[in-house]
Amino acid sequence: MDIDDEITQRYDPHDVEPEVKEYWEDADAYEAAKEAHSDDPDLYFLDGPPYTSGQMHLGTAWNKTLKDAVVRYLRMRGHNVTDRPGYDMHGLPIEVKVEEELGFENKSDIEEYGVENFIDECKEFAEENLGAMNDDFRSMGVWMDWDDPYRTLSPEYMEGAWWGFKQAFDRGLVERGKRVINQCPRCETAIADAEVEYDEIESPSIHVRFPLEDEDGSLVIWTTTPWTIPANLYVAVDGDAEYAKVRATKDGVDETLYVASDCVEDVLRAGRYDDYEVVETFDGDALVGREYEHPLADEVPRQRELDDEEGVHRVYSADFVTTDKTGLVHAAPGHGVDDFEVGQEHGLPVFSPVGPDGAYTDEAGEYAGEFVRDANPDVIEDLRASGALLAEGKESHRYGHCWRCDTPIIFAATDQWFITVTDVKDRLLDEIEESEWHPDWARDSRFRDWVENARDWNVSRQRYWGIPVPIWETESGDRICVGTREELAELAVEDIDPDEIDLHRPDVDDVVLEHPETGERAERVEDIFDVWLDSAAASWAALDYPSEDDAFDELWPADLIIEAHDQTRGWFWSQLGMGVSALDEIPYKEVVMHGHALDEDGRKMSKSVGNIVTPQEAIDRHGVDPLRCFLLSHDQQGDDMRFSWDEIEAKKRTLNVVWNTYRFPLPYMRLDGFDPDSTTVDDVETTTVDNWVLSRLQTTLSRYIEYMDGYEIDKAQRVLLDFMTEDVSRFYVQVVRPRMWEAEDSSSKNAAYATLYAVLEGATRMLAPFAPYLAERMYDNLGDVTTVHALDFPEPDESLRDETLEERMEILRDAEEAAANARQQAERKLRWPVRRVVVAADEDTRDALAALEELFLDRVNAKSLELFEEYDELIEVAEPQMGAIGPEFGEDAEKVMNAVRGEPREKVEGGVDIDGEKVTLGDDMVEYRDETPDNVEAAEFEDGTVYVDVSLDDEIRAEGYARELVRRVQEMRKELDLDVEERIRVSFDAADELLDLAMRERDYILEETRADEITDEIDADLRENWDIEGTSVTIAVELVHV
RNA sequence: GGGCCAGUAGCUUAGCUAGGUUGAGCGUUCGGCUGAUAACCGGGAGGUCCUCGGUUCAAAUCCGAGCUGGCCCA
């Protein structure tokens, strides 16, 4: 290798990063890194596909950065890591964007425009976004296989989804049936639970009387969705709660009402009754089985027919009932999930007189054709007219909206395709045990909770842009599920080229199959898949299975996935559901779950709040590596991250320290032609401090690996950066600096070179996963492999570790800090030597300092070190206690005080002299405290106390003045812009003894300033006046031309 | 309404699993160094460890209740 690069003054990511980027491209560095580990054991990392409807935001930037850091690390630890990125490219959100662009309002606009054209637009939109997102991720320095991402719209991928679905179908887990689903009336399709967003809205809030059949009185129900009353089929109560029969009076008229006991007062107040009386109370179970008359039977004739059916318009007990409004819940199995399930238990029909567009059907009688939410006032009016309305108001509450078009959703029972994951719930719960999660509570508390409550998965959508449901039905109701393109071609009536056919609508809609057994013609069902099913198949579809099977056979299931905590309901779940349904196995082994990026106030970033920070802004201001390191500096396991400009800035500063540490020795190494290959730490005589920093390097590496292996990226980063700043920059480099300008053949200098080289090389590897650009730039000057990312992490070298030395150095640094503190109190700067430093401490501490005495003296600039258990030169000084002295001495008290204050103990105890009289003081009149002698200052550290004796003598003055002069000459050299090598002559002129003393150190001055002589005969290139400790000194410097 | 996670200095956070004087970085202020110098280093000030209650000789840490924020669900 050559250390020959010019290093810019400061660390500027905007210089480093483009340069490295270009180098990576020229040198095919990414390919080289992969190649270097291609023979290592396989590790299947699976990238969760981001959705191609927008651009990279801070959350996805964090996600990809974390993945990248982990992948780079795993490679360097010896794994052949799969890194194919993915994109989720189908689905309603893209349809909605395209509809917006084209100015469409509903599905008929699409049909008019032509499904094929619409699909083309969607495809183009998705492709465009993919390109932009690819660029975004690249710009974050993420190394994945950007040239060949898996795309959910590719034929291979779509086939993978079909194949998975067919496995589930063959295992009897696919069902068509009525279920209550979230329906977006604008998009006219079912939407997933995951696609419902909850916002606050205001709805009517009504109390309604449901008159009992064959007896006096009414059940009182409460609802915020009056439009569901036309579909009401039963009323639910809490069987265990207490209910009351109430006689209520209003305007002189009595009536009987049934409500939960907890609710009596509220309900009666809402109904503005004048008076009431609780006639009797009973368990909810006592109400079960009572029948009532539907209050809108006149408006909805169908309700009369339904009334004849067994069990309809009756009271049931259900555990979803709470007693906070009336304790009686109006239930419409066609419009509520709970209502549906309890209805099914009791064999009730499903009545859902609402179309996909949210308009009532003919079955809704008088309401037919009206949009349900618009019908609310009519329903209320009709209830009022018939006397059923007991109270009316408004209520603000959270209500589900379509996540893309923001329309309030409705619940409706429609025919859908389901994967009946509830049939395999035990397997799902067993299989999650087979996966390891970081943090572990993500699995055991959060994910398990979700899986336990999971319902059958509605996978069908009544839309266009998606993977078509691969089911064909014959007229007699037989179903064919197609798993591959090959199979499709075999079963198709017409000739189809399996390599050519586009599996999207509308092409596939036209394919007619022939039933292999009956020979009957079969037509495809119109639905497409829920987009969550697409990504659910990723673990095999990203390997192009089933069209290719080598990779699948070797790699499946995925070893590792890394996503944010919102994926509990998303990809973590959908993959599990699909994997178990299709292959009876969880498709991933290890999960890292990270958090969300919040704004500086800890709120979520959103367009409407306007608090979004884009990764690009951050990169523009501070560079990629500082942003990456910032993103990776928070807890990566489950915790959210608050964005902070200051922190990125701080991170850049820390990286700058690393940069300076790296660039500091380079000019010297270059000058001396240092060759790290021939001069390693094994070839040189290392000193104690060299051994120490090499030991620290190994300790750091070992802790780094431990943290990285547990995906505690933040802690690994901290260990590394602490080492680089605290140990290397703040200590080792400071200690080792003088060795850099020793004579050319100095073995101590070579040892420092070899040591620093080893430290920098090791640290650069550790830095590579976090700050890939900076690490590459540094490595460029340190090593000769194409890229630092192709290297390995060696196991820590235990033979280089010396724990005792590390502990002792820790003590030395503490003591040094205390000494600096004491100096500061004594106002004696470090440039001036001190005669003596005394440390009082326990034996271990003394041993440590004794072992490192030379280094310690050098660090604190002291002539000698003395070590004691206790420092016996402290003086006990008297403090008069006026509370006792005052009463005793009266008007002489002040004299006594002055005579005592600040005197040493033995003098006071011998009696003090007051106006020529010897006075003895009682014990209560004086207290003593320890004080250091003159010229000694003390400072404590964790293991003891440091005493610094700053007494001056001529020798110390001579050295101090000499160093003061040297420093000024250095400053002048710099002003003259002299090279380190250039020789000078120098003259000093001062009135005082200063020069006489300083000249005792003449040789030192000559050496340090690179001066040939000190002389008065000088042709000065620069002459300046200085003030040194109050003395005026004139210094002149002349450059010696060779 | 339920589940999970978080709340420590002005800001970002460590410590919490295994209870024993809250530790750092940024900012601020005072100082040092001056051959890494538009760099670097040290000292000081700054904390009701979200609140209340409990367990304990002892609680930031364990337990309970509540408040605030985030995610997930109803």
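Between A:Arg653 and B:G27, a side-chain N or O to OP1/OP2 separation shorter than 4.0 Å is present. OP1 or OP2 of B:G15 lies within a sub-4.0 Å distance of a side-chain N or O belonging to A:Lys715. In terms of phosphate contacts, A:Arg642 brings no side-chain nitrogen or oxygen within less than 4.0 Å of OP1 or OP2 of B:G7. Distances shorter than 4.0 Å separate some side-chain N or O of A:His634 from OP1 or OP2 on B:U13. In this model, the phosphate group of B:G32 is not approached by any side-chain N or O of A:Arg823 to a distance below 4.0 Å at OP1 or OP2. Close to B:U12, at under 4.0 Å from its OP1 or OP2, lies no side-chain N or O of A:Arg718.
Taking the C1' atom of each, B:G27 and B:A60 are spaced 24 Å apart, rounded to whole Å. Taking atom C1' in both B:U55 and B:C62, the straight-line distance is 8 Å, to the nearest Å. The separation of B:A65 from B:U28, taken at their P atoms, amounts to 44 Å, rounded to a whole angstrom. B:U8 and B:U51 have their P atoms separated by 10 Å, given to the nearest Å. Rounded to whole Å, the P atom of B:G10 lies 33 Å from the corresponding atom of B:G3. With both ends at atom P, the span from B:U48 to B:U56 equals 28 Å, rounded to whole Å. Taking the P atom of each, B:U61 and B:A18 are spaced 14 Å apart, rounded to whole Å. Nucleotides B:G25 and B:U17 place their C1' atoms 26 Å apart, quoted to the nearest Å.
The CH2-P distance, from A:Trp659 to B:C40, rounds to 14 Å in whole Å. Computed from coordinates, the A:Arg455 CZ to B:C73 P distance equals 11 Å when rounded to whole Å. Atom CG in A:Asp444 sits about 14 Å away from atom C1' in B:G3, given to the nearest Å. B:A36 atom C1' lies 15 Å from atom OH of A:Tyr732, rounded to whole Å.
Across all strands shown, B:U51 forms a Watson-Crick or G-U wobble pair with B:A65, both key distances being under 3.5 Å.
A:Ile984 has its side chain within reach of A:Arg973: a pair of non-hydrogen atoms, C-beta onward, lies under 4.5 Å apart.
Which of B:C73, B:A36, B:U34 sits closest to the side chain of A:Arg831 comes down to B:U34. Of the candidate nucleotides B:A36, B:G70, B:G42, B:G70 has the atom lying nearest to any side-chain atom of A:His565. Closest approach to the A:Asp566 side chain among B:G42, B:C71, B:G70 is made by B:C71 (side chain taken as heavy atoms from C-beta onward). Considering only the side chain of A:Asp639, B:C5 comes nearest among B:C33, B:C5, B:G70. Distance from the side chain of A:Leu598 is smallest to B:G70 among B:A36, B:G70, B:C33. Residue A:Asn660 places its side chain closer to B:A39 than to any other of B:G42, B:A39, B:U12.
Aromatic rings of A:Trp832 and A:Tyr961 (six-membered ring for Trp) have centroids within the 6.0 Å cut-off, being under it.
Taking every heavy atom of both residues into account, A:Ala822 and A:Val948 meet most closely at CB-CG2, 3.7 Å.
Heavy-atom contacts from other residues, nucleotides or ligands closer than 6.0 Å to CD of A:Glu726 number more than 12.
Under a 3.5 Å cut-off, the side chain of A:Arg448 and the backbone N or O of A:Ile432 do not form any donor-acceptor pair.
For A:Arg446 against B:C71, a side-chain N or O and a base N or O form a donor-acceptor pair under 3.5 Å. Residue A:Glu647 places a side-chain atom within donor-acceptor reach of the base of B:G25, judged by atom type and a 3.5 Å distance cut-off alone.
Checking A:Gln636, A:His57, A:His594, A:His634 one by one against A:Trp62, the side chain to side chain donor-acceptor pair (under 3.5 Å) holds for a single residue, A:Gln636.
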